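Small disclaimer: the values here were computed from a predicted structure and weren't measured.
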Amino acid sequence: MSSTIEDVLSLEKNAIAALTAITNLVALEQWKSKFLGKKSQLNEFATAIATMSAEDKKTCGQAINRVKNTLTAAHGDKMAELGARDLAKKLSAEKIDLTLPARPATIGKLHAINQTIEEAIAILGEMNFVMATGPEVETDFYNFTALNIPESHPARQMQDTFYVNKNDAEGRPLVLRTHTSPVQIRAGEKLGAPLRVMAPGRVYRADSDMTHTPMFHQIEGLVIDKNINFGHLKGCLFEFCRSFFEIADWSESLLRFRPSYFPFTEPSAEVDIAAHRKDGKLTIGTGDSWLEILGSGMVHNNVIKNMGLDPNEWQGFAFGLGVERLAMLKYGIPDLRTFFDSDLRWLEHYGFSPYLQPSLLTSLVI
């Protein structure tokens with residue numbers, strides 16, 4: 001009996017020594033099989049108890065159980081130790097420094113429309129225009145009536161305007177706005193005068209061909225103050241075009257104002273810029289040809305009245321810029337439809353770095 005106990009204690013000593021030398025989980029599992037498995041020597045000792053006397057069974061059984069519990073606990077501790085070591089090693093190898101900036105293989109490009117809008121906003125912002133925005137689903141009143149567009153005007157017809165299949169809370173028809181000019185009325189109603197706002201945004205018309213799309217972008221400019229005249233309008237547009245087209249040798253002769261008609265301005269004028277075509281290339285700001293770039297005029301008295309202002313006290317001018325047209329002229333983009341093709345190759349060619357954007361101005365939602 002005493003020899004069996006000595007063998008059990010010797011087994012314990014050897015097992016602990018072997019466990020101390022183990023450095024990986026595979027070896028640990030082999031150790032477990034050798035010293036705690038069904039075919040282990042410790043299990044053989046437990047089987048041999050059946051042939052012993054009652055007194056020896058008790059003494060030997062207690063020794064075997066104690067050694068088994070000791071080795072099981074030691075195995076658990078060793079497994080936890082090796083698991084923690086392996087996890088720490090893995091985390092060290094896979095760690096990421098979150099304080100470092102991302103370095104993508106390619107940098108995304110800003111769309112030419114966004115670039116053009118931000119350039120125009122930055123220039124007008126330097127001229128003390130405040131940016132204002134309004135709803136794209138607009139009432140018939142703000143889109144047409146308040147802008148002095150009569151009921152019989154062709155723009156009100158279904159073939160030009162997208163009508164929404166519902167009315168507003170006051171029963172007025174709703175449309176997808178056909179221009180950003182409704183922001184004029186909303187700004188005048190809310191802010192009063194004097195007023196100097198620009199209104200960039202999406203507009204919609206039922207028209208689609210090589211030079212027109214059902215959705216496009218405009219930037220509206222509006223100034224309301226006392227003693228405003230056409231000379232102020234011309235000076236504003238001269239400065240804007242000089243800055244936007246980056247023409248070094250600028251002169252007022254590069255812009256031409258042609259009499260035109262808009263219901264919301266009187267007098268009204270289309271504005272052309274000098275241009276030159278040679279070898280398939282268009283050059284802006286020089287030459288003996290002309291290209292239309294925007295519409296403008298002095299705000300009609302009826303429009304000023306619809307803002308809640310007295311036209312005998314307040315006057316103003318307004319102008320509308322077609323964003324896609326400006327982008328095509330400045331950056332040599334030949335086809336309007338390509339703006340909306342979602343072609344990454346086009347964006348790679350005509351896109352702009354997001355790190356080189358003009359400063360943004362705070363938006364005022366009208």
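Taking the ring axis of F245 as reference, the NZ or CZ atom of K330 does not stay both within 45° of it and closer than 6.0 Å to the ring centre. For R186 and Y142, the positive end sits near the middle of the six-membered ring, less than 6.0 Å away and at most 45° from its axis.
Here the two rings, on H111 and W346, have centers that are under 6.0 Å apart. For F144 and F264, the gap between ring centers reaches or exceeds 6.0 Å.
Residues S268 and F262 come closest through the heavy atom pair OG-N, 3.3 Å. Heavy atoms only, all atoms of each residue included: P182 and L147 are closest at N-CD1, 3.9 Å. Smallest separation of non-hydrogen atoms from R172 and T139: NH2-CG2, 4.2 Å. Smallest separation of non-hydrogen atoms from K78 and L19: CE-O, 3.4 Å. The heavy-atom pair separating F230 from A269 by the smallest distance is CZ-CB, 4.0 Å. Smallest separation of non-hydrogen atoms from L237 and L255: O-CD1, 3.9 Å.
Hydrophobic clustering (side-chain heavy atoms under 4.5 Å, transitive across Ile, Leu, Val, Met, Phe, Trp, Tyr) keeps I117 apart from F216. By the rule that hydrophobic residues join a cluster once side-chain heavy atoms approach within less than 4.5 Å of another member, L25 and F35 end up as members of one cluster. There is no path of hydrophobic side-chain contacts, each under 4.5 Å, that joins I113 to V203.
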Checklist entry - Between E292 and R258, is a side-chain contact (heavy atoms from CB on, under 4.5 Å) present by the stated rule, with each step listed? => result CA-CA 10 Å; E292 178 188 327; R258 289 182 292 105; 3.8 Å; yes
Item to check | Stepwise side-chain contact (heavy atoms from CB on, under 4.5 Å) test for L174 and N167 | outcome: CA-CA 5 Å; L174 294 175; N167 297 335; 5.5 Å; no
Next on the checklist: Run the side-chain contact (heavy atoms from CB on, under 4.5 Å) test on M215 and F340 for me, step by step, so that the C-alpha distance in whole Å, both residues' side-chain angles and the decisive distance to 0.1 Å come before the verdict.
Outcome noted: CA-CA 10 Å; M215 185 279 293; F340 309 102; 3.8 Å; yes
Next on the checklist: If you apply the rule side-chain contact (heavy atoms from CB on, under 4.5 Å), what do you find for V137 with V164, and how did you get there?
Outcome noted: CA-CA 8 Å; V137 178; V164 179; 4.0 Å; yes
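R85 places a side-chain N or O within 3.5 Å of a backbone atom of T23 that can act as its donor or acceptor partner. At distances below 3.5 Å, at least one donor-acceptor pair connects side-chain atoms of N24 with backbone N or O atoms of A27. Under the 3.5 Å distance criterion, the side-chain polar atoms of N69 are left unmatched by any main-chain donor or acceptor of T72. The backbone N or O of I16 sits less than 3.5 Å from a side-chain atom of T20, completing a donor-acceptor pair. Under a 3.5 Å cut-off, the side chain of D168 and the backbone N or O of P173 do not form any donor-acceptor pair. When atom types are taken as modelled, the side chain of K109 and the backbone of E348 share a donor-acceptor pair closer than 3.5 angstrom. A distance-only check finds a donor-acceptor pair linking the side chain of S243 to the backbone of E239 [under 3.5 Å]. Side-chain N or O atoms of N114 include none that pairs as donor or acceptor with a backbone N or O of L110 at under 3.5 Å. A donor-acceptor pair is defined here as one N or O able to donate and one able to accept, closer than 3.5 Å; such a pair exists between the side chain of Q315 and the backbone of N227.
The only member of N302, V303, I304 that meets side-chain contact (heavy atoms from CB on, under 4.5 Å) when paired with P311 is I304.
Side-chain contact between T116 and Y331 is present, with at least one heavy-atom pair separated by less than 4.5 Å. By the 4.5 Å heavy-atom criterion applied to side chains, L254 and W290 are not counted as neighbours. Using a 4.5 Å heavy-atom cutoff, the side chains of V130 and M198 are not in contact. With a 4.5 Å cut-off on side-chain heavy atoms, M131 and I121 count as touching. Side-chain contact between M328 and L336 is present, with heavy atoms from C-beta onward closer than 4.5 Å. You'll find the side chain of V223 stays beyond 4.5 Å of the side chain of L195, heavy atoms only. Side-chain contact between L222 and V197 is present, with heavy atoms from C-beta onward closer than 4.5 Å. L28 places a side-chain heavy atom less than 4.5 Å from the side chain of M79.
Between the side chains of E220 and H179, no donor-acceptor pair of N or O atoms lies under 3.5 Å. Side-chain polar atoms of T338 and D343 form no donor-acceptor pair below 3.5 angstrom. When only modelled atom types and interatomic distance are considered, Y204 and E136 share a side-chain donor-acceptor pair under 3.5 Å.
Here the CG atom belonging to N148 is positioned 9.5 Å from the CG atom belonging to N301, to the nearest 0.5 angstrom. Here the CD1-CD1 distance, from I247 to I284, works out to 7.5 Å after rounding to the nearest 0.5 Å. Atom CG of residue N14 and atom NZ of residue K34 lie 8.0 Å apart, to the nearest 0.5 angstrom. In this structure, C236 SG and R196 CZ are separated by 7.0 Å, a value rounded to the nearest 0.5 Å. Taking OG of S342 as the start and CG of L347 as the end, the distance is 9.5 Å to the nearest 0.5 Å. Considering CH2 of W314 and CG of L309, their distance stands at 7.5 Å, rounded to 0.5 Å.
With salt bridges taken as basic N to acidic carboxylate O contacts below 4.0 Å, none links K234 and E252.
Between F317 and F319, the ring planes are parallel. Angles under 30° get that label, and only those over 60° would be called perpendicular.
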